[in-house]
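A short write-up of the structure that comes next.
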Amino acid sequence: MKTLKIIGMVVLALTVILVIVVAMQPESAHIEKSIVIDAPAASIFPEVSNYHNFNVWSPWAKMDPKAKQTFEGQDGSVGSTMSWNGPKTGTGSMKIEEIEENKPVKSSMTFGGSDGRSYSEFILTPEQHGTRVTWTYDGPNDGLAGKTMWVVMGSMLSSQYDQGLKDLKELVENKKGQ
């Protein structure tokens, strides 16, 4: 009986801690990752502004190679859209909302099962020996469910952004050497 009481207290304490952690999550999620690529912005821009090219280095294309993708609109222009449906990535779409050649590319994103709209942006900034690529994510953490999802997904998404930027760097710098 004493053992059950101790287990119950531990479960209760962990539940309280989890509720506190979830409640402390922000109303809006934000991730910002960057990397310096040894190449001019003009060499990087086609990789981040064209959804066909994005899939070459995207962490999600590698994670879910069986995902079916469809593309609409003119590549690299406002309104260009990529939709996906995969066993691991689920369903969703990305649409270019704002674009400035060799500078920022901002996309809106929707994910199946969610009413909210999130945003992703690539910002290209000249650096002394290349270009800094900053990749951001901004989205709602609506209610307890959104905050709970962010506890689980936030660190995973952050590491996927890091991996994507490393793969983008490798791709662009290898093309430069050819």
Side-chain angles (χ1 to χ4, degrees), residues 28-125 130-142 146 149-150 152-154 156-178:
S28 297
H30 178 75
I31 292 175
E32 185 170 311
K33 298 293 184 172
S34 64
I35 197 166
V36 175
I37 298 177
D38 184 19
S43 297
I44 301 164
F45 186 75
E47 308 304 334
V48 299
S49 65
N50 179 317
Y51 290 135
H52 289 91
N53 294 352
F54 174 79
N55 279 329
V56 173
W57 57 270
S58 160
W60 302 288
K62 291 176 180 74
M63 181 177 84
D64 195 356
K66 293 182 179 182
K68 303 280 188 250
Q69 297 165 338
T70 57
F71 302 89
E72 296 177 25
Q74 182 179 346
D75 289 335
S77 65
V78 170
S80 175
T81 304
M82 175 180 72
S83 299
W84 65 87
N85 184 350
K88 294 182 182 176
T89 54
T91 61
S93 66
M94 293 175 64
K95 178 181 181 181
I96 295 178
E97 300 288 342
E98 299 173 23
I99 190 166
E100 184 179 345
E101 189 167 351
N102 300 329
K103 296 208 177 176
V105 177
K106 185 173 185 177
S107 297
S108 61
M109 299 179 292
T110 57
F111 302 99
S114 173
D115 293 334
R117 185 173 303 272
S118 301
Y119 294 90
S120 175
E121 186 169 17
F122 291 100
I123 303 163
L124 308 180
T125 310
T131 305
R132 176 171 298 281
V133 178
T134 303
W135 191 6
T136 67
Y137 169 87
D138 291 285
N141 283 343
D142 293 333
M149 175 86 84
W150 185 245
V152 175
M153 299 298 292
M156 184 171 68
L157 187 59
S158 182
S159 66
Q160 290 168 337
Y161 267 44
D162 279 333
Q163 186 59 54
L165 287 172
K166 288 175 189 171
D167 292 345
L168 174 63
K169 177 180 176 74
E170 183 179 339
L171 173 76
V172 171
E173 289 180 355
N174 284 341
K175 280 185 178 182
K176 181 182 160 190
Q178 294 177 357

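Note that these values count all heavy atoms, side chains included, but never hydrogens, waters or copies made by symmetry. Numbering of residues begins at 1 and proceeds along the displayed sequence.
Lys166 NZ to Asp162 CG: the interatomic distance, rounded to the nearest 0.5 Å, is 6.0 Å. To the nearest 0.5 Å, the span separating CG on Asn50 from CD on Gln74 amounts to 10.0 Å. If you take CD1 on Ile99 and CZ on Phe122, they are separated by 11.0 Å, rounding to the nearest 0.5 Å. In this structure, Thr131 OG1 and Ile44 CD1 are separated by 4.0 Å, a value rounded to the nearest 0.5 Å. Remark: Tyr119 OH to Ser107 OG distance equals 10.5 Å, nearest 0.5 Å. Interatomic distance, Asp138 CG to His30 NE2, rounded to the nearest 0.5 Å: 5.5 Å.
Under 3.5 Å, the side chains of Thr110 and Ser93 contain a donor-acceptor pair of N or O atoms. Inspection of the Tyr51 and Ser80 side chains reveals no N or O donor paired with an N or O acceptor under 3.5 Å.
Each ring-ring contact (aromatic ring centres under 6.0 Å, His included) pair with one or both residues in residues 62-92, not counting sequence neighbours, appears once here: His52-Phe71. Identified under the salt bridge (charged side-chain N to carboxylate O under 4.0 Å, His left out) test for residues 96-109, with sequence neighbours left out: none.
Under a cut-off of 6.0 angstrom, the local environment of NZ in Lys169 is crowded, with over 12 non-hydrogen atoms contributed by other residues, nucleotides or ligands.
In this pair, Tyr161 and Trp60 present their aromatic rings perpendicular. The plane angle is above 60°, beyond the 30 to 60° band.
In plain terms, the two heavy atoms of Val105 and Ser49 that are nearest each other are CG2-CB, 3.9 Å. Nearest heavy-atom pair across Pro59 and Gly164 is CD-CA, 3.8 Å.
In this structure the side chain of Ser118 reaches within 4.5 angstrom of the side chain of Pro140, judged on heavy atoms.
Legend: residues meeting side chain to side chain donor-acceptor pair (under 3.5 Å) with Ser158, ordered by chain and number and at least two apart, are Lys33. The side chain to side chain donor-acceptor pair (under 3.5 Å) search around Thr136 returns none, not counting sequence neighbours. Taking Phe54 as the reference, Trp57 meet the ring pair (Phe, Tyr, Trp, His ring centres under 6.0 Å) condition, with sequence neighbours excluded. Asp64 meets the side chain to side chain donor-acceptor pair (under 3.5 Å) test with Thr89; sequence neighbours excluded.
With Lys62 contributing its side chain and Asn55 its backbone, the two residues share no donor-acceptor pair below 3.5 Å.
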